[in-house]
There are 2 protein chains.
Amino acid sequence: MVDTPSPREPSPKDPSAKEPKEPKEPKESSPEEPTLEEQIAAYQREFKDLDPQVEQVVSALGRLHRRMNVAYGRQTATLGISNAEWEVLKGLVLSGAPYRLGPGELAKSLCLTPAAMTHRIDRMVTEGLVTRERDETNRVRVIIELTDAGREKWLEAMRLATVFEEELLQDLSDEERGALGEMLTRLLRRVEES
Amino acid sequence: MVDTPSPREPSPKDPSAKEPKEPKEPKESSPEEPTLEEQIAAYQREFKDLDPQVEQVVSALGRLHRRMNVAYGRQTATLGISNAEWEVLKGLVLSGAPYRLGPGELAKSLCLTPAAMTHRIDRMVTEGLVTRERDETNRVRVIIELTDAGREKWLEAMRLATVFEEELLQDLSDEERGALGEMLTRLLRRVEES
DNA sequence: GCCTTAGTCTTTAGCTTCGAAGTTTAGGGT
DNA sequence: ACCCTAAACTTCGAAGCTAAAGACTAAGGC
């Protein structure tokens with residue numbers, strides 16, 4: 001998860017409230033959210049035999065993933081769907097035409113339990129993104145099929161996502177992008193083998 | 001976390017059950033969980049103007065994070081704590097001696113709501129990992145303090161985690177590790193700026 | 001032909017989280 | 001002195017997920 005916990009928004013707080021006469025000193029050193037460097041320094045302070053190189057990779061990776069999910073969430077929200085629903089659309093589209101899958105297969109590809117799929121599909125059917133029907137040749141199976149509206153939503157979300165991802169990687173050269181992807185893939189293979 | 005959704009275990013299924021006479025053909029092509037390469041190929045098939053390099057970075061990153069969380073979860077489970085509790089211990093230790101923080105500060109450093117912290121702390125107090133007491137000089141504040149047992153748990157978890165992380169990165173040379181960490185940090189900075 | 005076994009989806013109960021309202025305390029203005 | 005606002009935590013209600021149990025269907029042995 002997997003992960004798709006909807007991240008917390010700081011609750012923007014009506015800015016029309018009266019402006020405080022004095023901005024009120026930031027309290028002295030707000031320990032709100034330590035930066036990455038501070039966090040790694042703290043780790044070294046508290047745990048002597050720690051490889052800072054390894055820690056930097058692991059910590060940056062975790063933070064990056066969290067921030068990206070927040071960004072994706074903001075984008076899908078503008079389309080009127082949740083991050084969770086976007087994941088379902090992804091699963092269906094990636095299965096290829098004619099975009100039909102059973103709830104169980106969808107659940108596997110999203111690393112969810114079948115029970116969770118049942119409820120997600122309930123919502124998405126009422127929103128017109130997918131249809132649910134029983135397979136008449138094998139009445140045990142249920143078939144979820146992407147609607148045209150669902151496919152269109154997926155396309156819009158993809159367009160937003162690719163723009164964001166391109167911005168994210170704008171500081172990396174082509175060689176760097178290739179090297180980064182290759183190294184991440186190597187790590188993934190290592191962890192999937194065990 | 002976003003983060004820390006407890007991942008689903010495939011439910012090991014009692015192995016003492018009778019062995020099927022024939023292992024029963026894998027059904028022909030189990031589309032269970034597409035591999036990374038298959039997934040990227042599917043994306044290109046369904047969305048023509050997609051940069052495969054970018055997609056590889058993004059997809060590998062997401063998968064890697066999920067697998068790592070599963071691995072961490074297995075480790076903390078052997079210590080008798082959950083991934084969520086481990087995060088709280090991390091937050092306290094990283095704040096430095098004397099390992100005291102308010103629930104609100106803890107919540108911020110973990111990207112959770114204060115409400116969630118209240119419940120997590122309830123559990124951890126009964127398990128003896130932390131103590132909760134009111135600050136006598138400012139009776140609004142509550143102070144969560146790490147116990148010796150809690151600190152010991154954190155140390156054990158750190159030892160397991162560092163072993164795992166070292167294994168994860170074993171295929172990367174020192175230069176590669178440095179480059180990887182630096183690139184991830186650059187991406188993080190980019191996304192944190194906006 | 002019946003019955004067991006396995007497979008697929010849904011339902012139920014419990015847990016964790018979030019958002020919002022509620023409670024208690026501190027500090028400042030009148 | 002009183003009250004008002006802000007801050008910090010807790011409580012409440014709703015939503016989502018998981019694991020386990022339930023219902024229904026297909027397939028195969030006796």
Side-chain angles (χ1 to χ4, degrees), chain A residues 1-14 17-25 27 30 32 73 82-85 87-88 101-108 110-125 132-144, chain B residues 1-14 17-24 27 30 32 70 73 82-85 87-88 101-108 110-125 132-144:
Chain A
M1 119 137 18
V2 126
D3 151 42
T4 30
S6 60
R8 177 168 71 112
E9 286 295 334
S11 171
K13 219 179 207 180
D14 187 1
K18 76 158 199 280
E19 186 171 331
K21 315 187 173 193
E22 290 221 37
K24 199 168 195 178
E25 290 290 315
K27 269 231 172 149
S30 63
E32 309 215 342
S82 73
N83 236 333
E85 289 166 330
E87 302 267 339
V88 176
L101 280 181
E105 296 167 302
L106 265 175
K108 266 181 217 149
L110 273 79
C111 286
L112 285 178
T113 57
M117 278 313 305
T118 295
H119 298 310
R120 282 198 188 182
I121 291 168
D122 284 347
R123 290 195 297 278
M124 295 180 69
V125 166
R132 165 166 27 198
E133 54 186 295
R134 300 206 84 93
D135 183 345
E136 286 309 323
T137 74
N138 180 344
R139 297 182 43 74
V140 171
R141 291 185 55 80
V142 170
I143 294 189
I144 310 303
Chain B
M1 173 147 47
V2 206
D3 188 355
T4 29
S6 57
R8 177 169 70 115
E9 287 295 334
S11 172
K13 222 179 203 179
D14 186 1
K18 75 154 202 277
E19 185 169 337
K21 314 189 173 192
E22 291 224 32
K24 199 169 198 177
K27 268 225 170 152
S30 61
E32 310 217 342
V70 173
S82 73
N83 236 333
E85 288 166 330
E87 302 267 339
V88 177
L101 280 181
E105 296 166 304
L106 266 174
K108 265 181 215 150
L110 274 81
C111 285
L112 286 177
T113 56
M117 276 315 304
T118 294
H119 298 310
R120 284 197 188 183
I121 290 168
D122 285 347
R123 290 195 299 279
M124 296 180 70
V125 166
R132 166 166 27 197
E133 55 186 294
R134 299 205 84 93
D135 182 346
E136 285 310 323
T137 74
N138 180 344
R139 296 181 43 76
V140 171
R141 290 185 55 79
V142 171
I143 295 190
I144 311 303

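Only a predicted model underlies this, so the values are computations on that prediction, with no experimental measurement involved. Letters A, B, ... mirror the listed sequences (proteins, then strands); counts begin at 1. Hydrogens, waters and symmetry mates play no part in the numbers below; they use all other heavy atoms, side chains included.
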When rounded to the nearest 0.5 angstrom, what distance separates [atom1] in [X] from [atom2] in [Y]?
X: Thr118(B); Y: Arg120(B); atom1: OG1; atom2: CZ; result: 11.5 Å
X: Arg141(A); Y: Glu105(A); atom1: CZ; atom2: CD; result: 5.0 Å
X: Met124(B); Y: Met117(B); atom1: CE; atom2: CE; result: 7.5 Å

Roughly how many Å is it from [atom1] in [X] to [atom2] in [N], rounded to a whole number?
X: Ile143(A); N: dG7(C); atom1: CD1; atom2: P; result: 19 Å
X: Asn138(B); N: dG27(C); atom1: CG; atom2: C1'; result: 11 Å
X: Glu133(A); N: dC9(C); atom1: CD; atom2: P; result: 13 Å
X: Ile144(A); N: dT8(C); atom1: CD1; atom2: P; result: 14 Å
X: Met117(B); N: dT11(D); atom1: CE; atom2: C1'; result: 16 Å
X: His119(B); N: dC9(D); atom1: NE2; atom2: P; result: 15 Å
X: Lys108(B); N: dC18(C); atom1: NZ; atom2: P; result: 15 Å
X: Arg132(A); N: dT10(C); atom1: CZ; atom2: C1'; result: 9 Å

Closest approach to the side chain of [X], judged atom by atom: which nucleotide of [options] is it?
X: Ala115(A); options: dA20(D), dT25(D), dT10(D); answer: dA20(D)
X: Leu112(B); options: dC18(C), dT10(D), dC17(D); answer: dC18(C)
X: Pro114(B); options: dC17(D), dT10(D), dC9(C); answer: dT10(D)
X: Ala84(B); options: dT25(C), dT17(C), dC9(C); answer: dT17(C)
X: Arg139(A); options: dT17(C), dT10(D), dT25(D); answer: dT25(D)

| said: Please give me the minimum heavy-atom distance between Val140(B) and Arg134(B), naming the atom from each residue. | reply: O-NH2, 3.6 Å
| N/O (side chain, Arg120(B)) to phosphate O (OP1/OP2, dT17(C)) under 4.0 Å |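 Looking at the OP1 and OP2 atoms of dT17(C), one of them is under 4.0 Å from a side-chain N or O of Arg120(B).
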| Are Thr118(B) and dC9(D) close enough that a side-chain N or O sits under 4.0 Å from OP1 or OP2? |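 No, Thr118(B) has no side-chain N/O under 4.0 Å of OP1/OP2 on dC9(D).
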| task | Quickly, which of Ile143(A), Ile121(A), Leu112(A) forms a side-chain contact (heavy atoms from CB on, under 4.5 Å) with Pro103(A)? Name it, please. | result |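 It is Ile121(A), the one option of Ile143(A), Ile121(A), Leu112(A) that forms the side-chain contact (heavy atoms from CB on, under 4.5 Å) with Pro103(A).
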| query | Counting any heavy atom closer than 4.0 Å, what does Ala116(A) reach on the DNA or RNA strands: base, sugar-phosphate only, or nothing? | reply |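 Base contact - Ala116(A) has a heavy atom under 4.0 Å of at least one base atom.
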| request: Describe the nucleic acid contact of Arg123(A) in one word from base, sugar-phosphate, nothing, applying a heavy-atom distance below 4.0 Å. | output: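 The answer is sugar-phosphate, as Arg123(A) gets under 4.0 Å only of primed atoms, P, OP1 or OP2.
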